[in-house]
There are 2 protein chains.
Amino acid sequence: MERTIRQPLVMVDTALFTIRNERLCLILARRQEPPFEGVLALPGGFVHVEEDADTAMAARRVIRRKIGFDAPYLEQLFTFSGAARDPRGWSVSITYYALIPSALLDQSQVAEALPAEALPPLPFDHPQIVARAIERLRSKATYSSLPAFLLPAAFTMNELHRIYEQTIGARLDKASFRHKILEQGIIEPLSEQFRVGAHRPAQLYRLTSKALTPFERKI
Amino acid sequence: MERTIRQPLVMVDTALFTIRNERLCLILARRQEPPFEGVLALPGGFVHVEEDADTAMAARRVIRRKIGFDAPYLEQLFTFSGAARDPRGWSVSITYYALIPSALLDQSQVAEALPAEALPPLPFDHPQIVARAIERLRSKATYSSLPAFLLPAAFTMNELHRIYEQTIGARLDKASFRHKILEQGIIEPLSEQFRVGAHRPAQLYRLTSKALTPFERKI
DNA sequence: CTAGTTAATTGTAAATTTCAAATAACATTT
DNA sequence: AAATGTTATTTGAAATTTACAATTAACTAG
């Protein structure tokens, strides 16, 4: 037992995705205390003793403090650890990523979100965390309903289409996309509800129970 | 800082998959010390201070102690934590899963491997870890070369086919399977090398660099 | 009532997947 | 040497899915 870790810091860090101007963005927080006081970083914090069921509790607390409510989609990402990642000592960071529809955020929060592909230099090992989060998001987007969690409860087919293109980072055929999504049954039309404008009204849809559930809960 | 965790136990636990009698099995270890002394459990141990880069170091150490060499495929699975999961106190377990070709193991190790679907009652939250590991393996098997890491360096198309069926848990069409796998370019024939027997010789293949790399390393 | 804009459908070609069956290449037995 | 058994590998046609291009639909604004 003598070579085991004594007093590691146990923390959570979160990558909070949202969409601004049709681009995939991250919500950062300015650090209130050293180290790296005043620097933009991923929102995070220490795990509390009473958060004894799961570190997702701590992640939710961190996210609520930042945006004021629970993210519609939250998933554990990866655990980083070691003596080098934090100057305060041997630490374990259990990281999470969350998807947050910009419609739920304050205007000011949305305005502060920064494009995932053009972030400022981040402290600690946060760049690695971001890289992994983007990788996971892209990967899951190709075979699940994940990107839909970046949209509000009701959305049009084209909005969904654009979100998928944005998160996957590639063009997707409109007709095929519509076909496949409807085929999978992960969304359903809201009867008689349309988004209106200077054009043909667009059918509104919502996620069904076949869509991926938050927290990767299965059944 | 007063509500943060003081002296958490930081450990790794591993789910070690192998194939015995064409069935997906796990290699368990009998616990040498309390709690649950003498009980079969997932191989695990405390993280050491000098394992300061990444807990994968600790996972590799645990695996080497159990089987004597490094697993060809190792990936971080999930991090479990809390006050309830271990009677010794608040703990963090960073879990890993590994794929180990039975050809590399001692006969006795293979004989002791137990079918993943019929394990004895496991201590701690090890049943949850196993469930997640199987889920991850099945999921990745559907879109990657993962199951190939359960086979030795050279294998026939049918061996690969059976491994995929076993890990996914469903029938796969032979012709389509062969087509898709070769299409993806994740394996290549070993020229002039065949597995012989009382039947037509079977072409031997090996993984190419297009196959999934261990440790989820990209590029 | 026409132009502009986005939504949604349609049709056809191309590609992929499925399914069933045939053929190939041995070792072993007769 | 020929027949048999066994597994490997290929083939071909049907069914399904996907890609691509174009058309039609439904509104608002001027």
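Numbered from 1 within each chain, the chains take letters A, B, ... in sequence-line order. Heavy-atom basis, side chains included; hydrogens, waters and symmetry copies ignored.
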Scan B:Leu204, B:Leu150, B:Leu160, B:Leu190 and name whichever one has a side-chain contact (heavy atoms from CB on, under 4.5 Å) with B:Phe155.
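Per the side-chain contact (heavy atoms from CB on, under 4.5 Å) rule, the option paired with B:Phe155 is B:Leu160, out of B:Leu204, B:Leu150, B:Leu160, B:Leu190.
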Tell me whether A:Arg31 forms a cation-pi arrangement with A:Phe36, defined as NZ or CZ under 6.0 Å from the six-membered ring centre and within 45 degrees of its axis.
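Not satisfied by the 6.0 Å and 45° rule.
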Looking only at side-chain atoms of A:Asp173, point me to the closest of D:dT10, D:dT18, D:dC20.
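My answer, after comparing the listed nucleotides, is D:dC20.
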Nearest of D:dT18, C:dT9, C:dT18 to any side-chain atom of A:Arg178?
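When the side chain of A:Arg178 is considered, C:dT9 is the closest of D:dT18, C:dT9, C:dT18.
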[X] [atom1] to [N] [atom2]: how many Å, rounded?
X: B:Leu172; N: C:dC19; atom1: CG; atom2: P; answer: 11 Å
X: B:Gln203; N: C:dA24; atom1: CD; atom2: C1'; answer: 14 Å
X: A:Ile181; N: C:dT9; atom1: CD1; atom2: C1'; answer: 18 Å
X: A:Leu204; N: C:dA8; atom1: CG; atom2: C1'; answer: 14 Å
X: A:Gln184; N: D:dT16; atom1: CD; atom2: P; answer: 18 Å
X: B:Phe194; N: C:dA24; atom1: CZ; atom2: C1'; answer: 12 Å
X: A:His179; N: D:dC20; atom1: NE2; atom2: P; answer: 16 Å
X: B:Phe177; N: C:dA20; atom1: CZ; atom2: C1'; answer: 20 Å

Return the minimal non-hydrogen interatomic distance between A:Ile67 and A:Gln109, and the atom names on each side.
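Looking at all heavy atoms of both residues, the closest pair is CA-NE2, 3.6 Å.
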Of the non-hydrogen atoms in B:Pro152 and B:Pro101, which two are nearest, and what is the gap between them?
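B:Pro152 and B:Pro101 have their closest heavy atoms at N-CB, 3.9 Å.
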So, A:Glu75 versus A:Tyr97: side-chain donor-acceptor pair below 3.5 Å or not?
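Side-chain D/A pair, A:Glu75 to A:Tyr97: present.
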A:Arg85 side chain to A:Ser91 side chain, donor-acceptor N/O pair below 3.5 angstrom
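A pair is found: one side chain offers a donor N or O, the other an acceptor, under 3.5 Å apart.
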What verdict does the side chain to side chain contact (heavy atoms under 4.5 Å, CB included) test give for A:Gln184 and A:Lys210, after you've listed the backbone C-alpha separation in whole Å, the side-chain angles of each residue and the deciding distance to 0.1 Å?
CA-CA 8 Å; A:Gln184 290 173 52; A:Lys210 283 192 184 178; over 6 Å; no
Which atoms of nucleotides 26-30 of chain C (N or O only) lie under 3.5 Å from a protein N or O atom, and what are those distances?
from   : atom 1 : to       : atom 2 : distance (Å)
C:dC26 : O2     : B:His199 : N      : 3.4

Which residue lies more 5' along DNA chain D, comparing B:Leu182 with A:Lys180 via nearest heavy atoms
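Closer to the 5' end of DNA chain D: B:Leu182.
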